[in-house]
Amino acid sequence: MRKSAPVLILGLVLALAALAVFAVSRGSDYDRSPLGNKGLELWLQTKGIPVVRSDPHLVQARSKISLRIVPLSIRQGEAVTPRSHDETDGLDPENPVVEADRYALPTLIVLPKWRGSVSTEGVAGKSGLIDLADISNELDKIGYSDFGFARSETSFEEAQPQLQPGQPIKIALYRAQTFERSSLPSGCGEVVGTPSGVLLLHCAADPTVYLLSDPDLLNNHGLALADNAAFAVSLVQSLRAAGESRPIYLDTSGEPLDSEATVDEGQSYERSTTDLKRFFAYPLSAIWGTVLVVAAICFWRGAYRFGPPLREVSGNIELSKTAAIEATARLLRLSGNDGRMTGQFALHLLADKAQLLFGSGAGNQAGIARLFQRLARQDKAAAQALHAAAEALIERGHIMTRSDLHRNLETFRKLLGSFEFGSR
């Protein structure tokens with residue numbers, strides 16, 4: 001169909017875009033931000049360490065995992081009362097510390113450091129650091145209290161911790177966030193540290209729980225610095241049992257574990273081409289067919305029934321005016337050559353021209369007289385002839401013979417069409 005190629009191309013582009021949306025599985029934007037852990041997952045997998053991510057619809061079994069990594073986030077709500085290690089029944093059952101003790105599961109709890117705006121802006125700066133008091137409140141919620149924190153005054157602090165003998169690794173941290181050594185409660189000891197404080201600590205009361213003070217050792221932002229990526233692998237290997245082959249559980253949802261088996265409570269929704277096919281299944285296929293038929297008819301009527309649009313607009317306007325005058329004159333002739341009707345037609349046409357030039361209030365005798373004065377400035381002889389023809393039709397049209405009426409009407413039409421009527 002003529003003139004329809006651009007529309008068809010646009011429809012094809014939209015269809016391809018829809019297929020791309022359904023076919024491409026998009027991950028979490030946060031997970032791929034500077035604060036996310038997608039980099040850690042991919043890095044561990046390249047080193048032969050399998051990783052399982054948390055799913056809000058899936059209850060993970062403790063027996064299926066070897067190490068649980070829980071990144072804490074700043075949450076709203078009341079803090080959990082600091083727990084007594086002899087009594088844990090009063091704590092939230094989803095508390096990862098309680099579950100670590102219950103299932104004897106090695107658990108690494110990663111403390112927060114950055115505000116959520118860093119994930120959207122993509123820039124980790126000093127203004128994006130959260131208050132240390134908020135971190136203390138977050139630890140209170142899982143049963144740890146009285147820990148002091150410090151941040152390095154230098155932009156980057158470097159250290160060479162040794163998680164394994166003979167394996168020095170150089171790490172670098174922006175505004176390194178550490179536990180203050182002087183604030184550690186009795187029974188809690190340093191596993192990894194820097195000159196300014198403790199990075200990784202372990203408390204005897206919770207033998208399977210480890211606290212990591214600075215998340216930049218594991219997140220996307222920090223893994224790109226120095227040998228932080230190598231440190232992350234070494235840290236995971238040291239916290240797992242020797243010869244362990246079960247995957248790491250990267251828990252970002254905080255859902256409770258199950259002691260026996262993995263329970264699927266619902267399938268997470270993912271877009272696929274199958275979803276797109278549902279739009280063309282019956283009865284939707286009948287609706288789409290009807291839409292296509294209607295669209296085809298509309299294109300046909302636009303392309304063939306009425307033809308292509310005329311290009312010269314000004315010529316079309318004048319052509320329309322002439323056609324309107326000729327059609328009106330023909331109607332008058334077909335009406336029985338009524339002279340009075342012809343006179344009224346001439347009078348109304350002059351009044352319309354006067355209103356066009358001088359405004360809506362000029363459609364009277366004074367406006368018509370002013371119209372002839374203006375036309376006389378263009379062509380005095382033609383204006384006088386037009387005035388005479390109009391006066392003859394208006395005043396004597398009803399007594400004219402058929403030939404005189406036709407002759408005066410034709411003269412009036414030609415003379416009126418010879419003038420240019422612009423705007424005021």
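Since the model is a prediction, treat every value here as computed from it, not as a measurement.
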### Query
Donor-acceptor pair, S234 side chain versus A230 backbone, under 3.5 Å?
no
### Message
Nearest 0.5 angstrom please: L347 CG to E395 CD, how far?
### Response
10.5 Å
### Task
Taking all heavy atoms of L40 and all of N220, pick out the closest pair and write down the distance.
N-OD1, 4.2 Å
## Note on the structure
A232 and L218 have their tightest heavy-atom pair at CB-CD2, 3.6 Å
### Message
Could you check whether any side-chain heavy atom of I65 comes within less than 4.5 Å of a side-chain heavy atom of R246, counting everything from C-beta outward?
### Response
no
### Query
Does a salt bridge link K38 with E41, judged by any charged N lying under 4.0 Å from a carboxylate O?
yes
### Side-chain heavy-atom pair L250, S54 within 4.5 angstrom cut-off
no
### Flag, side chain of R413 to backbone of L416, donor-acceptor distance under 3.5 Å
no
### Summary
Residue set satisfying salt bridge (charged side-chain N to carboxylate O under 4.0 Å, His left out) with K47, at least two apart, ordered chain then number -> none
### Task
Please assess Q384 against K380 for the test side-chain contact (heavy atoms from CB on, under 4.5 Å), listing each intermediate value before the final yes or no.
CA-CA 6 Å; Q384 291 177 349; K380 185 175 181 181; 3.4 Å; yes
### Query
Taking all atoms of both residues into account, what is the closest heavy-atom pair of D140 and S145, and its distance?
OD1-CB, 3.2 Å
#### Entry: Sidechain-backbone polar pair: D214 side chain, D216 backbone, donor-acceptor under 3.5 Å
yes
### Message
Could you tell me if the side chain of Q237 sits less than 4.5 Å from the side chain of I49, heavy atoms only?
### Response
yes
## Note on the structure
One should read off an interatomic distance between D134 CG and K113 NZ, to the nearest 0.5 angstrom, of 15.5 Å
### Message
Determine whether a donor-acceptor pair (N or O, by modelled atom type, separation under 3.5 Å) exists between the side chain of W43 and the backbone of A229.
### Response
yes
### Query
Are L199 and P161 close enough that some pair of their side-chain heavy atoms sits under 4.5 Å apart?
no
### Query
Out of curiosity, M400 CE to L393 CG, how far, rounded to the nearest 0.5 Å?
5.5 Å
### Task
Using atom types as modelled and distance alone, determine if a side-chain donor or acceptor of D206 lies under 3.5 Å from a backbone N or O of V209.
no
#### Entry: Nearest heavy-atom neighbours spanning R240 and S245
NH2-C, 3.7 Å
### Query
Step by step, would you call R68 with Q60 a side-chain contact (heavy atoms from CB on, under 4.5 Å)?
CA-CA 11 Å; R68 185 184 190 185; Q60 188 66 43; over 6 Å; no
### Summary
F358 and G367 have their tightest heavy-atom pair at CE1-O, 4.0 Å
### Message
Keeping D251 on the side-chain end and S253 on the backbone end, is there a donor-acceptor pair under 3.5 Å?
### Response
yes
### Query
Do side-chain atoms of N219 reach the backbone of G222 as a donor and acceptor pair under 3.5 angstrom?
yes
### Check: W114 and L129 side chains under 4.5 Å, non-hydrogen atoms
yes
### Query
Out of curiosity, I169 CD1 to L235 CG, how far, rounded to the nearest 0.5 Å?
9.5 Å
### Query
So, T107 side chain and L105 main chain: donor-acceptor pair closer than 3.5 Å or not?
yes
### Task
Could you give me the CA-CA distance, side-chain angles and deciding distance for R407 and E410, then say whether salt bridge (Lys or Arg N to Asp or Glu O under 4.0 Å) is met?
CA-CA 5 Å; R407 184 177 62 258; E410 186 68 15; over 6 Å; no
### Task
Side-chain contact test, heavy atoms from C-beta onward, threshold under 4.5 Å: evaluate it for L350 versus F412 and give yes or no.
yes
### Query
Rounded to the nearest 0.5 Å, how far does CZ of F147 lie from CD1 of I135?
13.0 Å
### Message
Return the CG to CG distance between L356 and D352, rounded to the nearest 0.5 Å.
### Response
9.0 Å
### Message
Please give me the minimum heavy-atom distance between L108 and L67, naming the atom from each residue.
### Response
N-CD1, 4.3 Å
Tell me which donor-acceptor pairs under 3.5 Å the side chains of residues 287-298 have, and how far apart each pair is, sequence neighbours excluded?
{"unit_1": "W288", "atom_1": "NE1", "unit_2": "F279", "atom_2": "O", "d": "2.6"}
{"unit_1": "T290", "atom_1": "OG1", "unit_2": "A286", "atom_2": "O", "d": "2.9"}

### Query
Is the CD atom of Q365 crowded by more than 12 outside heavy atoms at less than 6.0 Å?
no
### Task
Output, in order, the C-alpha distance, side-chain angles, deciding distance and verdict of side-chain contact (heavy atoms from CB on, under 4.5 Å) for L139 and I142.
CA-CA 5 Å; L139 274 180; I142 60 174; 3.9 Å; yes
With a cut-off of 3.5 Å and sequence neighbours excluded, list every side-chain donor-acceptor pair involving residues 170-181.
{"unit_1": "K170", "atom_1": "NZ", "unit_2": "E158", "atom_2": "OE1", "d": "3.3"}
{"unit_1": "Y174", "atom_1": "OH", "unit_2": "K126", "atom_2": "N", "d": "3.3"}
{"unit_1": "R175", "atom_1": "NH1", "unit_2": "E153", "atom_2": "O", "d": "2.7"}
{"unit_1": "Q177", "atom_1": "OE1", "unit_2": "R151", "atom_2": "NE", "d": "3.3"}
{"unit_1": "Q177", "atom_1": "OE1", "unit_2": "R151", "atom_2": "NH2", "d": "3.0"}
{"unit_1": "Q177", "atom_1": "NE2", "unit_2": "P112", "atom_2": "O", "d": "3.1"}
{"unit_1": "Q177", "atom_1": "NE2", "unit_2": "S213", "atom_2": "O", "d": "2.6"}
{"unit_1": "R181", "atom_1": "NE", "unit_2": "E190", "atom_2": "OE1", "d": "2.8"}
{"unit_1": "R181", "atom_1": "NH1", "unit_2": "T194", "atom_2": "O", "d": "3.3"}
{"unit_1": "R181", "atom_1": "NH2", "unit_2": "E190", "atom_2": "OE2", "d": "3.2"}
{"unit_1": "R181", "atom_1": "NH2", "unit_2": "T194", "atom_2": "O", "d": "2.7"}
{"unit_1": "R181", "atom_1": "NH2", "unit_2": "G197", "atom_2": "O", "d": "3.2"}

